[in-house]
Amino acid sequence: MALIAPSMLSADFLNLSRDVEMVNASEADWFHLDIMDGRFVPNISYGIPVVAAMNREAKKTLDVHLMIEEPGKYAEDFQKAGAEYLSVHIEACPHLHRNIQQIKNLGMKAGVAINPHTNVNQMFDVVKDIDLVCLMSVNPGFGGQKFIQNTLNKIKQLVEERARQGANFLIEIDGGVTLDNASEIIAAGADVLVAGSTVFKSDNPTQTIAELKAK
Ligand code: DX5
Ligand code: ZN
């Protein structure tokens, strides 16, 4: 059974407290929080004070996905704001191993996010050091995009490499997850499903989370 992580990027920011409570009371496992800087990705979302505010009310793990350049500058701020998992993009980190050690030294679980065009073999030398791979199944920056089908091959490659190295990371799929494709994504080997618009644009977000969880 996969973990479900609603992406708060698609929440109603004017009613954030209500939406956090909805996730608290639902079958969701984590909160997925998308941080965008307008440089690494062509969009700006929300920042550290908003994460800290959600953390005051959230009763589940905060999974923070940094789509920013120079993430090492802000890792400690996100730890203080309540991040339990902190993911940095492989494409933004020329010294990825150092970023991973920094995150772990701060007491967080370390994640590495990877864009659709980047081959997963680029992270094989660090997979034993990390807790999460955030496999982007859309180009990062926006919610509501279409799932890129090649992601299923990338999941399978990661599953094989995890077994080969005896590594323990979770495989998280981020972008374009729907009630229609969740089953095949889980069947390919995903451990965590992020879902933004599928949850928050539905008539009954609590029930949609339950339906994802039942896949
Ligand atoms: C995209 C973000 C995703 C996004 C997913 O850049 O990383 O987490 O919120 O949104 P949906 O589920 O609508 O594709
Ligand atoms: Zn994300």
Side-chain angles (χ1 to χ4, degrees), residues 2-13 16 19-20 22-23 26 28-47 50-51 54 58 60-69 71 74 78 83-93 108-118 130-152 154-155 170-186 190-203 205 208-209 211-213 215:
L3 301 177
I4 305 300
S7 167
M8 303 309 284
L9 188 63
S10 296
D12 178 355
F13 292 157
L16 204 45
D19 286 354
V20 168
M22 183 280 293
V23 175
S26 77
D29 298 278
W30 295 357
F31 287 83
H32 184 82
L33 307 184
D34 288 306
I35 312 301
M36 305 178 184
D37 65 353
R39 282 163 54 80
F40 179 70
V41 287
N43 194 11
I44 297 174
S45 57
Y46 52 81
V50 177
V51 174
M54 285 195 262
K60 296 174 179 179
T61 295
L62 298 191
D63 166 37
V64 176
H65 175 196
L66 298 183
M67 285 160 276
I68 67 175
E69 291 183 0
Y74 306 100
F78 282 104
E84 287 177 55
Y85 282 81
L86 193 67
S87 295
V88 296
H89 263 268
I90 191 168
E91 300 85 1
C93 295
M108 294 179 285
K109 298 219 164 83
V112 175
I114 180 163
N115 280 339
H117 75 276
T118 306
I130 63 179
D131 302 287
L132 181 76
V133 171
C134 177
L135 206 48
M136 292 309 304
S137 37
V138 298
N139 287 294
F142 303 92
Q145 303 179 79
K146 190 173 176 295
F147 182 82
I148 296 170
Q149 208 64 20
N150 183 50
T151 310
L152 299 176
K154 295 173 86 171
I155 298 174
L170 297 171
I171 301 172
E172 175 178 67
I173 303 308
D174 189 8
V177 174
T178 66
L179 288 169
D180 289 331
N181 64 18
S183 295
E184 66 173 338
I185 296 168
I186 294 168
D191 304 299
V192 186
L193 300 185
V194 173
S197 43
T198 290
V199 168
F200 287 100
K201 308 289 179 230
S202 70
D203 292 337
T208 302
I209 291 168
E211 285 173 25
L212 284 169
K213 190 72 194 170
K215 295 284 181 192

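Atoms within each ligand, like the ligands themselves, are counted from 1 in listed order. Predicted model, so just to flag it, every value in this text is computed and none were measured. In what follows, residues are counted from 1 in the order of the sequence shown.
Side chain of Lys60 to backbone of Val23: a donor-acceptor contact under 3.5 angstrom is found.
Annotation for Ala2 and Asp29: closest pair O-OD2, 4.1 Å, computed over non-hydrogen atoms. Across all their heavy atoms, Lys154 and Pro116 have their closest contact at NZ-O, 3.0 Å.
The ring pair (Phe, Tyr, Trp, His ring centres under 6.0 Å) search around Phe147 returns none, not counting sequence neighbours.
Rounding to the nearest 0.5 angstrom, the gap separating the CD1 atom in Ile114 from the NE2 atom in His89 is 9.5 Å.
Contacts of ligand 1 (protein heavy-atom distance under 4.0 Å) are Ser7, Leu9, His32, Asp34, Met36, His65, Met67, Met136, Pro140, Gly141, Phe142, Gly143, Gly144, Asp174, Gly175, Gly176, Val194, Ala195, Gly196, Ser197.
Note on His65: counted as a metal contact of the Zn ion (ligand 2), an N/O/S atom lying under 2.8 Å.
An angle of 170° is found at the Zn ion (ligand 2) between Asp174 atom OD2 and Asp34 atom OD1, rounded to 10°.
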Distance-only criterion, 3.5 Å: show the donor-acceptor pairs between side-chain atoms of residues 130-142 and protein atoms not counting sequence neighbours.
| residue | atom | partner | partner atom | Å |
| --- | --- | --- | --- | --- |
| Asp131 | OD2 | Ala110 | N | 2.8 |
| Ser137 | OG | Asp174 | O | 3.0 |
| Ser137 | OG | Gly175 | N | 3.4 |
| Ser137 | OG | Gly175 | O | 2.7 |

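Counting only residues at least two apart or on different chains, the side-chain hydrogen bond (donor to acceptor under 3.5 Å, both in side chains) pairs with a member in residues 176-185 are Gln149-Glu184, Thr178-Asn181.
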